[in-house]
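We name chains A, B, ... by the order of the sequence lines, and we start the count at 1 in each one.
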Amino acid sequence: MPEHRIRGKVWILGDNVDTDQIIPARYLVTAEPEKLAPHFMENTIPGLASSISRGDIIVAGRNFGCGSSREHAVRAIQGCGVSLVIAKSFARIFFRNSINLGLPVIEADISVVEGAEVSVDMEKGTIAHGPETTKFEKYPEFLKKIVDSGSIINYAKEELLRQQSQS
Amino acid sequence: MVQTGKTAVEKVFSKKSGRDVRAGSIIEAEVDYVMVNDITGPPAMDAFSQLGVEPKKDKIVLIPDHFVPSKDIASATQSKKMRDFAWKYEMPNYFEVGRGGVCHQVMMEKGFATPGALIAGADSHTCTYGGLGAISVGIGSTEAGVIFGTGKMWFKVPETVRFDIDGPLDESVEGKDVILSVISRIGLEGGRYKCLEYRGSAIQQLGISDRMTIANMSSEAGAKCAFIPPDRKTEAYLEGRARNSWEFMDSDMDATYEQIIRIDASELEPVVSMPGSPANVKPVSEVDSEIDQAYIGSCTNGRIEDIRRAAAVLKGRKVHPRTRLIVVPSSQQVFEDAVSEGLVKIISEAGGYVSGPTCGACLGGYMGVLGPGEKCISSTNRNFLGRMGDKDSSVYLSNPSVVAASAVAGRIISPSEVLKVA
């Protein structure tokens, strides 16, 4: 089971951050998070990748991760050590990829400044930021099973085992 | 409670999940095909190998296209991994360089996409097959790898937004102009998680190639899938191609739509997406920018119909001395047709460059990557910052006729302006 409490320092990103910005296509010659990470957002915010510390949280605007289906976008973010992405909304393939690879993602509209600390309780569905607490909608039951398994691979393996034991 | 009818996407997900499902349900569905390319394929293969099961070979389609023919050692290593996987498992549907092309074009040309099919593809433009009435959904690599082993995947059944596009289309207006106008109207997020259904007399008037372009760029509005009702033109396209039997299918008359948007087709005109966002659309008549490169290709507008349109503008004319024109057919079949129809000769005589099929520079891969400050007009699908090369380059999106006319003028221009000069 992944940690249900996540606490970290915030990096702010805007609306419609597309996957070409998150990880430019010329780096898609590897799928290793550590090799992708140094190039995270390099065209738009040079130096961001090296400034992010393990456990930090991204807080973004609307339609985060729009554009291509490249899972490398999620892997680059994971490679930077980001623990959680909060956005006003997510592009659908980015959202799927995050769930499937075990990167926690929350759809919520919170007002915080860069560098602020936020504290999230995935079980309760709350984000504490400064004196405020914002509630967010928790994952539907089916998605929660994948999230609790850690990744879609783990979930699929568990399902295959369950089917074998039944037959 | 009286249930209303179903949308096409609700029908397909009901059939493939074996349940009576509606928009909003999260379901597990049997997919007909799962497609991956040379970038998204290798992580899918890694994921699959962890499952410890045999692959569902008949469902898997492997199409290298993004960085093939390999552009460097790293990309060669990636496509070798895909090739080795294909040979190891004796995959029946692997399309080697010289026998395939851009994945979505191959999926349609080779008859994988049929009305009512459910296809998952690890590429965001998988929604293209909606142009033939298939429900096709872009997914990630890891989940594609899971489908390799299980043949199934989870989906949320989407709401449908219906576009009724009626009235006569001016002959200068192409499928690209229709979809760019739609994206301009609803924005990059306007179709997020939705099925975008296009119907009306203007859609019926358009050929399959233009319908594919419309379905293809639905992804730029955030859509999950697209749907255009199959008709006699669809049937003619599928004749001799379809790998499986299929039936005409459509949304019910009393289906529930999230929204119905009416568009008067007679008001549409050729348009250009200005650099930065596909939604940033202006009429071509209002754009005047010098360009360094003109590019025709990709799953969006690299079909034979697109190359014919470009050649019609280029015939007997020359590409502007300060501009280069690059034409990249979207498949080996398109390339062969372009040769046999004399289109390659016309483009070459105009001073344009024609390559074999690849995704190429559409995503800034190779074969026409942009340098700092360069401007390109392109028949492709995205113009985000740094999409086709340097972060300080810019991309204007348009239909292929506008690209060809702009190549001749050295600046963005309407084809009618170029064609009136003999």
Task: Check: A:I153 and B:V146 side chains under 4.5 Å, non-hydrogen atoms - done: yes
Open item on the list: Show, in sequence, the C-alpha distance, side-chain angles and deciding distance for B:M153 and A:R96, and conclude whether the side-chain contact (heavy atoms from CB on, under 4.5 Å) test is met.
Closed with: CA-CA 11 Å; B:M153 188 37 61; A:R96 288 184 77 94; 3.5 Å; yes
Task: B:K391, NZ atom: more than 12 neighbouring heavy atoms under 6.0 Å - done: no
- [ ] State, yes or no, whether a side-chain contact exists between A:L28 and B:Q78 at a heavy-atom distance under 4.5 Å.
- [x] no
TODO: Taking the side chain as every heavy atom from C-beta outward, state whether B:F67 and A:R26 have any pair of such atoms under 4.5 Å apart.
DONE: no
TODO: Could you give me the CA-CA distance, side-chain angles and deciding distance for A:E71 and B:T142, then say whether side chain to side chain donor-acceptor pair (under 3.5 Å) is met?
DONE: CA-CA 8 Å; A:E71 203 168 275; B:T142 299; 2.5 Å; yes
- [ ] Below 4.5 Å from any heavy atom of chain A, which atoms of B:A76 appear? Answer side chain, backbone, both or neither.
- [x] neither
TODO: Counting only heavy atoms closer than 4.5 Å, note whether A:L160 contacts chain B via side chain, backbone, both or neither.
DONE: side chain
Open item on the list: At a 4.5 Å cut-off on heavy atoms, which part of B:V53 comes close to chain A: side chain, backbone, both, or neither?
Closed with: side chain
Open item on the list: Using only non-hydrogen atoms and a strict under-4.5 angstrom cutoff, which residues of residues 118-125 of chain B touch chain A?
Closed with: B:A122, B:D123, B:S124
Open item on the list: Can you tell me which of A:N154, A:L143, A:I146 forms the most heavy-atom pairs within a distance under 4.5 Å of chain B?
Closed with: A:L143
- [ ] Would you name the heavy atoms of A:G67 and B:F384 that are closest together and state the gap between them?
- [x] CA-CE1, 4.3 Å
Task: Contact leader toward chain B among A:N100, A:T30, A:L101, where contacts are heavy-atom pairs under 4.5 Å - done: A:N100
- [ ] Please flag which part of A:L161 lies under 4.5 Å from any non-hydrogen atom of chain B: side chain, backbone, both or neither.
- [x] neither
Task: Side chain, backbone, both or neither of A:S151 within contact of chain B (heavy atoms, under 4.5 Å) - done: neither
Task: Proximity of residues 43-51 of chain B to chain A, residues having a non-hydrogen atom under 4.5 angstrom - done: B:P43, B:A47, B:Q50, B:L51
TODO: Examine distances only and state if a side-chain atom of B:R192 and a backbone atom of A:F90 form a donor-acceptor pair shorter than 3.5 Å.
DONE: yes
Open item on the list: Quick check on B:K152: does its NZ atom have over 12 non-hydrogen neighbours (other residues, nucleotides or ligands) under 6.0 Å away?
Closed with: no
- [ ] Go through B:H66, B:E28, B:E143 and name the one with the most non-hydrogen pairs under 4.5 angstrom from chain A.
- [x] B:E143
TODO: Determine whether more than 12 heavy atoms belonging to other residues, nucleotides or ligands lie under 6.0 Å from atom NZ of A:K9.
DONE: yes
Task: Any A:S68 side-chain heavy atom under 4.5 Å of B:L363 side chain - done: no
- [ ] Among B:S79, B:G140, B:P42, B:G149, single out the residue with the greatest number of heavy-atom pairs under 4.5 Å to chain A.
- [x] B:G140
Task: Name of the residue among A:D18, A:D20, A:N43 meeting side-chain hydrogen bond (donor to acceptor under 3.5 Å, both in side chains) with B:R387 - done: A:D20
Task: Residue pairs involving residues 41-74 of chain A (criterion ring-ring contact (aromatic ring centres under 6.0 Å, His included); sequence neighbours excluded) - done: A:F64-A:F94
Task: Proximal component of A:N16, with respect to chain B [non-hydrogen, under 4.5 Å] - done: side chain
- [ ] Identify the two heavy atoms, one from B:S141 and one from A:N97, that lie closest to each other, and give their separation to 0.1 Å.
- [x] N-OD1, 4.4 Å
Open item on the list: Quick check on A:I93 against chain B: is it the side chain, the backbone, both or neither that has a heavy atom closer than 4.5 Å?
Closed with: side chain
- [ ] Please examine the side chains of A:I152 and B:W154, heavy atoms only from C-beta on, and report whether any two atoms are closer than 4.5 Å.
- [x] yes
TODO: Give a yes or no on whether B:E54 atom CD has more than 12 heavy-atom contacts from other residues, nucleotides or ligands under 6.0 Å away.
DONE: no
Task: Contact residues of residues 127-142 of chain A (partner chain B; heavy-atom separation under 4.5 angstrom) - done: A:P140, A:F142
Open item on the list: Any side-chain to backbone donor/acceptor pair from A:R92 onto B:G138? Under 3.5 Å, distance only.
Closed with: yes
